[in-house]
2 protein chains.
Amino acid sequence: MLFPCTRGRKSSREKILDAAAELVGEIGAGRLTLEAVAEKAGLSKGGLLYNFPTKDALLQAMIQRMIDQVASEKEALREKAQPGPNLEARVVTKTLLNICCGGKMQDMATGMMAATAENPRLLDPVRQVIHTTLEQLKATSDDLDAALLAWLATEGLSSLEMHNLSPFSDEDRDRIVKAIERLVTKGIAE
Amino acid sequence: MLFPCTRGRKSSREKILDAAAELVGEIGAGRLTLEAVAEKAGLSKGGLLYNFPTKDALLQAMIQRMIDQVASEKEALREKAQPGPNLEARVVTKTLLNICCGGKMQDMATGMMAATAENPRLLDPVRQVIHTTLEQLKATSDDLDAALLAWLATEGLSSLEMHNLSPFSDEDRDRIVKAIERLVTKGIAE
DNA sequence: GTCTATATCAAGATAGAC
DNA sequence: GTCTATCTTGATATAGAC
């Protein structure tokens, strides 16, 4: 996804995407209205619609930004990754745990939910990413079972956190993250 | 959730809930309209609103029915479960794999998505169930790490399938289910 | 590039007939 | 208990001024 070179301070585009992501978390995906987004971004409805001609365009951009963020986090982690077994799986799980679940970047969640609600086909690019991830895991894992389970457990945790359904305390979560690491390096017991 | 004793053929209520669940899968949660539900259920909008005075009431009933289905499937499986380690975790994962992911009962998914989109607070009862599940796992698991990971992996798979994001073939899925079973009985390797 | 104003439309909900 | 209007609201999108 290309867009004009906007060095310096945040472009309207970015401000709008930020506002939209926050809003979904606050009021729910189904209640995301262009007017509310415009207000939160400090813009009028007309100004918003100059940047994103339709609501679908806005949602699509939210999804794409999320995908790009995940991809770049993944690249960064791949640089620093220790060699060893199930490398790809370790990178994938750590990426998800860093971006989606843990931090402030719950845009991921919210963007996806908004898109799903509005138009399931907007998730097609995500489908593509997930498909590719599976291919890579299959091609490179030393212990595929452990790799898949670690990946799925991460997706599970991330999914619960997305929907604000996570029952885990900080200590619980810490324990889980460590267990996932252990699983992906040591495998399932005989 | 109590409702009138309606032996014999399906009550309007049930037909409406079925229709709503199917519709969400077909057209997306955000496009679930009362009119569409009414039509699919073979009713008019007025007739629908007699049974469920508001859209929230309809969504709430969808959620509750889903919770009840999961609970009763869980009870059934608990009866038949083999004694052994991590029993609760085995019951929980098998329940999820049977109900949510595998079969025809994708109501679960769809109901949840519709509710999330419309009003995140409608998921409160689900939050309660998940919280209780965690408590039970903590109280009864022989190997809590393995129990939690198996549960989360199941949630992850179920979440992908919910959103139609699963990249797994039937063989893949079979392999994963077996791996989850192995994890929950054998644990993580040392 | 952003604003105001407005057209258009569809959705949820109500009232009252049958 | 279900139907057919009808009301009301609010959301997307357009047109054209600044």
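Here is how names work: the chains are called A, B, and so on, in the same order as the sequence lines, proteins then strands, and each is numbered from 1.
- Among the protein residues, A:Leu49 comes within range of the nucleic acid bases, having at least one heavy atom under 4.0 Å from a base atom.
- Regarding B:Lys45, its NZ atom lies at a distance of 10 Å from the P atom of C:dA13, rounded to whole Å.
- Spacing between atom CZ of A:Phe52 and atom P of C:dT2 amounts to 11 Å, rounded to whole angstrom units.
- Five base pairs at each end of the helix from C:dG1-D:dC18 to C:dC18-D:dG1 define two local axes, and these are offset by 10° (rounded to 10°).
- When distances are taken from the side chain of B:Asn51 to each of D:dA13, D:dT2, C:dC3, the shortest belongs to D:dT2.
- Atom C1' of nucleotide C:dA11 and atom CG of B:Asp56 are separated by 14 Å, given to the nearest angstrom.
- Considering every non-hydrogen atom in both A:Ile67 and A:Pro125, the closest pair reads CD1-CB, 3.5 Å.
- Separating the CG atom of B:Asn119 from the C1' atom of C:dG12 is a distance of 15 Å, rounded to the nearest angstrom.
- Among the atoms of the strands shown, none is found under 4.0 Å from any heavy atom of B:Leu58.
- The separation between A:Leu34 atom CG and C:dC9 atom P is 18 Å, rounded to whole Å.
- Counting only N and O atoms by type, the side chains of B:Gln60 and B:Asp56 include no donor and acceptor under 3.5 Å apart.
- Atom pair A:Arg31:CZ and D:dT9:P shows a separation of 17 Å (rounding to whole Å applied).
- For D:dG1, the OP1/OP2 oxygens have a side-chain nitrogen or oxygen of B:Tyr50 closer than 4.0 Å.
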- Item | Worked verdict on A:Asp170 versus A:Arg173 for salt bridge (charged side-chain N to carboxylate O under 4.0 Å, His left out) | CA-CA 5 Å; A:Asp170 287 353; A:Arg173 190 177 195 281; over 6 Å; no
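- Contact annotation: B:Ser12 side-chain N/O to D:dT2 OP1/OP2 distance is under 4.0 Å.
- Remark: B:Glu135 CD is packed, more than 12 non-hydrogen atoms of other residues, nucleotides or ligands lying under 6.0 Å away.
- Rounded to whole Å, the distance from CD on B:Glu39 to C1' on D:dT4 is 16 Å.
- Remark: A:Lys55 NZ is packed, more than 12 non-hydrogen atoms of other residues, nucleotides or ligands lying under 6.0 Å away.
- When the nearest nucleotides of DNA chain C are assigned to B:Lys55 and A:Leu43 by heavy-atom distance, the more 5′-ward of the two goes with A:Leu43.
- Remark: P of C:dT4 and CD of A:Glu35 are 11 Å apart, rounded to the nearest angstrom.
- Using a 4.0 Å heavy-atom cutoff across all strands shown, B:Thr33 reaches sugar-phosphate atoms only and no base atom.
- Using a 3.5 Å distance cut-off with no hydrogens or angles, the side chains of A:Asp172 and A:Ser169 do pair a donor with an acceptor.
- Ion pairing of B:Lys186 with B:Glu181 is absent here, as no side-chain N (NZ or NE/NH1/NH2) approaches a carboxylate O to less than 4.0 Å.
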